[in-house]
Structures are given as structure tokens and as C-alpha cells.
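We count ligands from 1, going down the list as the structure has it; atoms in each ligand are counted the same way. Just so you know, residue 1 is the first one in the sequence shown, and it goes up from there.
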Amino acid sequence: MQTKKYPYHPPYNTEVGEAAGILRNGGLAVFPTETVYGLGADAFSAESVSKIFDAKGRPPDNPLIVHIDSPSMLEQAAADIPPLAYRLMECFSPGPLSIVLSKHPSIPEIVTGGLGTVAVRIPSHPVARALISASGVPLAAPSANRSGRPSPTSFGMACSEMDGRADIILDGGDCEVGIESTVVSLTDSSAVILRPGAITAEMIRNRLHIDVTGAAEPSDIPLSPGTKYAHYRPDAQVLLSARMNDGLLYGWMDRFAGKTIGILRLFPEIMSEDGGEIRIRLDEIHAREMMTGTRVIERAFYSFEEYARELYRAFAEFDRMGADVIIAEGVEETGLGRALADRLRKSSGGEWV
Ligand code: AMP
Ligand code: MG
């Protein structure tokens with residue numbers, strides 16, 4: 001398949017129009033959202049949606065999120081919408097929140113993995129919104145990666161995942177959130193988070209004054225079917241680490257002698273100091289590189305938001321640089337830390353260094 005790829009040049013009217021035409025004719029379009037890049041198809045067409053599963057190699061029981069441009073499009077995708085869903089949307093939409101609702105009969109079962117429910121989201125990215133509006137239909141769109149791999153969060157990553165597999169790829173720059181949306185299901189008066197994301201349990205609790213719980217671990221009850229599969233795995237093996245320090249780093253250099261190690265650090269004290277100390281540290285690492293034949297590539301993050309935003313781009317960069325192993329610092333599971341810990345756990349298969 002020949003894929004058209006458009007670089008970013010706002011206001012992107014022609015490309016969006018062309019992509020909408022492709023979607024209306026049953027094709028696949030990769031488009032940016034604020035979370036990750038999506039691989040979209042007309043959510044009303046079972047035949048078009050089946051192409052998504054082929055392009056990704058996605059298991060058929062892993063449901064897709066349906067993207068809409070406004071609350072008024074909601075009634076085309078969902079049925080029996082409870083008042084709490086509208087309240088949630090008022091607070092957090094457009095944005096990185098997907099709400100699981102009863103499926104509208106016009107949404108084919110292939111979209112929902114055979115479930116009677118559908119996850120619906122209004123993205124805030126202007127290209128995503130413009131594309132849904134121009135298409136005039138809800139778009140079923142999972143992340144635009146081949147199944148099991150990290151979600152693309154830049155145009156370059158989207159191209160390397162979907163070139164030759166989608167009809168068109170639109171550029172919208174780097175994704176601002178960087179991890180997939182929060183998926184939440186509702187009862188009359190409470191919410192269950194099936195997949196943590198940038199809209200946190202605390203945020204929902206504080207705004208709506210309702211009970212918010214996390215889902216049971218996916219291995220116990222697969223409430224959110226996709227959660228049982230391997231996810232977010234780059235080429236390099238990912239390993240988790242507790243709080244890092246240079247003593248640990250030197251140990252890993254011996255243990256992974258001759259390999260390239262990518263290091264993801266959170267709030268590193270030494271790296272934020274300036275001048276002499278940094279130089280001494282780099283000299284020390286360099287000397288050990290010469291001794292062990294190990295190469296170290298480091299990325300440091302100074303907030304949970306930055307860690308989430310850059311995580312998959314750092315994976316892609318480390319893969320490009322030939323990393324054999326990526327050692328990622330674990331995070332405290334509060335607020336956005338819960339979503340980060342979830343992605344890190346899945347990328348690593350729960351393996352600690
Ligand atoms: P992706 O589009 O790749 O971000 O994956 C979408 C994820 O949303 C799935 O893997 C599920 O975990 C979740 N999801 C989508 N639809 C539903 C649904 N109807 N019920 C529960 N979870 C869902
Ligand atoms: Mg995905």
C-alpha cells in the first residue's frame with residue numbers, strides 16, 4: 001500500500017479534507033491526538049474497522065475507542081447514556097478521558113470486541129477534532145502502533161509504525177500527554193478506572209464528589225479486555241528499577257558489559273547540579289564505559305507529566321540508538337504516577353533489574 005504522509009503545516013485544511021474523504025470511502029487514516037497518534041476508520045463500517053485489526057495485527061477481542069467531535073455526536077455511538085457521563089464530559093472533555101457506555105446498535109460488534117459496551121472519547125487535538133468533523137462520522141481509532149508496541153507520540157514514530165499500512169498519515173507534532181487516555185466505566189453514582197491515564201482518580205473524585213476506584217488487576221478480572229495482552233514493548237528489553245543512584249548504574253554497567261543501556265531517571269539530583277560535579281560524573285561513567293565496553297544513554301525527567309509525555313519517544317530514541325536494555329525508574333503510584341506505573345509495568349512485563 002502507498003501511504004501519503006503530510007508534514008505539519010497548519011491550518012492543514014486540504015490534508016484533513018483528503019483524509020476525511022479516505023475515511024468516508026472505507027480507508028484508514030493515522031491522525032494526531034493529544035494522547036497518542038490514532039489509526040482511524042469509520043466506526044459505523046465493520047469492513048473499514050476490520051482493516052484496523054489487520055494493519056495492527058490486533059487481537060479481535062481487544063476493543064477500540066470511538067472518537068467523536070462533540071457531545072451531540074455521542075448519541076450516534078452510545079445508548080442509555082447516564083447523567084453522570086454528561087457530568088464527566090462537562091468536566092474533562094475534550095481531553096484524555098474515554099467513557100465506557102452501552103453501545104448504540106449502529107456501532108458494529110467488531111469495534112467493541114463483541115462487548116455490549118463502547119468506549120467513547122472527545123480528543124482535544126485540533127487536527128483530530130477537524131478530521132472527525134470533516135468525516136461526519138465517529139472514528140474508531142486505537143493507537144497507531146503495531147500490536148504490542150509502544151504507542152506513537154510523534155509523526156516520525158507514526159510513520160515508522162504505519163507506513164504501508166494506512167492510506168494517509170497526518171502530522172500534528174509531538175503529543176502533549178504522551179500516554180493513552182484514561183478509560184472509565186460508570187455505575188449510577190461511582191466510577192471505575194479500567195485504564196489509568198492523565199485524568200486521574202483524584203481529579204474525578206475532587207470535581208464530581210463521587211466514589212472512584214481502580215479496576216481489579218487485569219489478571220483477575222479482564223474488565224477491560226485489552227489489558228490482558230502484552231503492551232507498549234519497544235525493541236529493547238525494559239527493566240524496572242527502584243530509586244536510582246550512580247552506585248546502581250555502575251553495577252548495571254558491569255552486569256550488562258558490552259551492551260548499550262538506556263537509562264530513564266526521575267528527579268535525578270546529580271544531573272540537575274551544574275559545572276564541575278557533572279563533569280566529574282561523566283568522566284567516571286566514560287572511564288567505566290572504556291573498561292566494560294558498555295554504552296550508557298541517559299534521559300532525565302523532572303515531573304511525572306514530563307516522564308509520561310516523553311516515555312514512548314525516549315523508547316523510540318533508545319531503539320534508534322541501538323539500546324539492548326532500557327532501565328526505567330519506577331514511580332510512586334499517586335495521581336499521574338498510577339498511569340506511568342501501569343505503562344512501565346506492561347513495557348517491562350513486571351521485570352525488575
Ligand atoms: P487503544 O485504543 O489501543 O488505546 O486501546 C483501547 C483500550 O480501551 C482497550 O485495550 C481496552 O482496554 C479499553 N476499552 C475499549 N473499549 C472498551 C470497552 N467497551 N470496555 C472496556 N474497555 C474498553
Ligand atoms: Mg494501544
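- Taking every heavy atom of Leu115 and a limit of under 4.0 angstrom, the matching atoms of ligand 1 come to 18 (C), 19 (N), 20 (N).
- The N/O atoms of Arg195, backbone and side chain alike, include one that comes under 3.5 Å of an N/O atom in ligand 1.
- With a 4.0 Å heavy-atom cut-off, ligand 1 is reached by the backbone of Thr117 and by its side chain too.
- Close N/O approach between Arg58 and ligand 1 is found [any backbone or side-chain N/O within under 3.5 Å].
- The local environment of CD in Glu47 is sparse, with at most 12 non-hydrogen atoms from other residues, nucleotides or ligands closer than 6.0 Å.
- By the 6.0 Å contact criterion, CD on Glu317 is enclosed, its count of non-hydrogen atoms from other residues, nucleotides or ligands being greater than 12.
- Atom CD of Glu298 is separated from atom CZ of Arg281 by 4.0 Å, given to the nearest 0.5 angstrom.
- Residue Pro142 approaches ligand 1 through these ligand atoms, each under 4.0 Å from one of its heavy atoms: 2 (O), 3 (O).
- For the residue pair Asp42 / Ser48, no side-chain donor-acceptor distance below 3.5 Å is found, with atom types taken as modelled.
- Ligand 1 places these atoms under 4.0 Å from at least one heavy atom of Leu194: 21 (C), 22 (N).
- At under 3.5 Å, a nitrogen or oxygen of Ser143, whether backbone or side chain, sits near a nitrogen or oxygen of ligand 1.
- Inclusion of Asn145 in the first shell of the Mg ion (ligand 2) is not supported: no N, O or S atom falls under 2.8 Å.
- Put simply, the side chain of Cys175 does not reach to within 4.5 Å of the side chain of Arg309, judged on heavy atoms.
- The environment of Asp283 atom CG is dense: over 12 non-hydrogen atoms of other residues, nucleotides or ligands sit within 6.0 angstrom.
- Pairing each heavy atom of Cys159 with each of Ile169, the nearest pair is CA-CD1, 3.9 Å.
- Taking a cut-off of under 4.0 Å to the non-hydrogen atoms of Ile65, the atoms of ligand 1 that pass are 6 (C), 8 (O).
- Which parts of ligand 1 touch Asn62 is read off a 4.0 Å heavy-atom cut-off, strictly below it: atoms 9 (C), 10 (O).
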